[in-house]
Amino acid sequence: QVQLVESGGGWVKAGDSLRLSCVLSGGTFSITAMGWFRQAPGKEREFVAKINGNSGYTYYTDSVKGRFTISRDNAKNTVYLQMNSLKPEDTAVYYCAAARLWALIDTQPSGNSWGQGTQVTVSS
């Protein structure tokens, strides 16, 4: 069974940086895509970024392009989200996700495996 454990959240000021980490265990052979979602208070969970575990291809939602970078270390079964130039509107619980198919991780998130989430708070 796939398990995901996130770390790296915290409280920062606008303009600061944070790096989130997500360690994947169990069923790693079935996972080809990993990604990050976030959920702000009172809002729906939204897609942030994804990475293909084989090709390394990445894709981002428009609001984080140029500021966030997703990367992976396959030897450590770990995915990272480097977040720079953080804004108050980035405040949310960030969730790591894993899926068998690259195309479905953001289009059919109900099929994803999820971590427990890590809080990111950005003050102005």
Side-chain angles (χ1 to χ4, degrees):
Q1 184 173 349
V2 172
Q3 291 184 322
L4 301 167
V5 179
E6 303 104 330
S7 61
W11 180 89
V12 296
K13 295 182 179 179
D16 285 351
S17 299
L18 275 177
R19 189 177 80 156
L20 306 182
S21 300
C22 174
V23 179
L24 168 68
S25 62
T28 56
F29 62 91
S30 67
I31 299 301
T32 61
M34 293 186 69
W36 292 92
F37 289 69
R38 65 187 180 186
Q39 187 167 19
K43 294 188 176 181
E44 297 287 321
R45 188 176 299 187
E46 65 170 353
F47 166 76
V48 175
K50 65 177 179 178
I51 185 166
N52 187 300
N54 296 323
S55 67
Y57 187 76
T58 59
Y59 181 76
Y60 301 88
T61 193
D62 286 346
S63 63
V64 307
K65 286 180 181 177
R67 300 189 299 122
F68 291 11
T69 302
I70 188 171
S71 61
R72 93 277 195 216
D73 184 334
N74 288 343
K76 296 181 178 180
N77 288 328
T78 300
V79 171
Y80 305 97
L81 186 68
Q82 177 66 44
M83 305 184 293
N84 298 330
S85 301
L86 282 161
K87 304 175 180 180
E89 52 263 43
D90 295 318
T91 295
V93 177
Y94 283 70
Y95 296 91
C96 180
R100 294 180 61 187
L101 297 177
W102 159 261
L104 298 184
I105 191 170
D106 53 329
T107 59
Q108 294 187 23
S110 61
N112 294 346
S113 296
W114 298 96
Q116 81 285 356
T118 186
Q119 177 70 46
V120 172
T121 303
V122 184
S123 63
S124 58

Reported CD1-to-CE distance for the pair I70 and M83, which is rounded to 0.5 angstrom
11.5 Å
Hydrophobic cluster membership, V93 vs V64, 4.5 Å side-chain cutoff:
no
Once you measure the plane-to-plane angle for Y94 and F68, does it fall in the parallel (<30°), tilted (30-60°) or perpendicular (>60°) bin?
tilted
Taking side chain as C-beta onward, heavy atoms only, is E6 less than 4.5 Å from V23?
no
If the condition is salt bridge (Lys or Arg N to Asp or Glu O under 4.0 Å), which residues does E46 pass it with, not counting sequence neighbours?
R38
Atom pair CZ/OG of R72 and S21 - distance to nearest 0.5 Å:
15.5 Å
Are side-chain heavy atoms of F47 and P109 found at a separation under 4.5 Å?
no
Quick check on side-chain contact (heavy atoms from CB on, under 4.5 Å): which of V120, T121, V122, T118 does L18 satisfy it with?
V120
So CG of N74 and CG of N54: to nearest 0.5 Å the spacing works out to 7.5 Å
Atom CG in L81, atom CH2 in W36: separation rounded to 0.5 Å?
6.0 Å
Once you round to the nearest 0.5 Å, how far does CG of D16 lie from CG of D90?
12.0 Å
At their closest point, which heavy atom of Y60 faces which heavy atom of T58, and how far apart are they?
CE1-OG1, 3.6 Å
Could you tell me whether K50 sits above the aromatic face of W102, with NZ or CZ closer than 6.0 angstrom to the six-membered ring centre and within 45 degrees of the axis?
yes
Smallest heavy-atom separation, A99 atom then N112 atom, equals CB-OD1, 3.5 Å
Heavy-atom nearest pair, Q39 first then K43, reads NE2-O, 3.1 Å
More than 12 foreign heavy atoms under 6.0 Å from CZ of R100: is that the case here?
no
Could you see if I105 belongs to whatever hydrophobic cluster contains V79? Use Ile, Leu, Val, Met, Phe, Trp, Tyr and a side-chain cutoff under 4.5 Å.
no
Whether D62 and K65 form a salt bridge (side-chain N of Lys/Arg under 4.0 Å from carboxylate O of Asp/Glu) is what I want to check.
yes
Nearest heavy atoms of P88 and A14, plus distance in Å
CD-CB, 4.1 Å
Ignoring hydrogens and angles, tell me if any N or O in the side chain of T91 forms a donor-acceptor pair with the backbone of E89 under 3.5 Å.
no
Apply side-chain contact (heavy atoms from CB on, under 4.5 Å) to residues M34 and L4 and explain how you reach the verdict.
CA-CA 10 Å; M34 293 186 69; L4 301 167; 3.8 Å; yes
Sort and list the pairs that fulfil side chain to side chain donor-acceptor pair (under 3.5 Å) and have at least one residue in residues 79-88, not counting sequence neighbours.
S17-N84, Q82-N84
What distance do S113 atom OG and L24 atom CG have between them, rounded to the nearest 0.5 Å?
8.5 Å
Please report whether the ring centroid of Y95 lies less than 6.0 Å from that of F37.
no
Just do the side-chain contact (heavy atoms from CB on, under 4.5 Å) check on Y59 and D106 with the steps written out, would you?
CA-CA 10 Å; Y59 181 76; D106 53 329; 4.3 Å; yes
Do V2 and I31 have side chains that get closer than 4.5 Å, going by heavy atoms?
yes
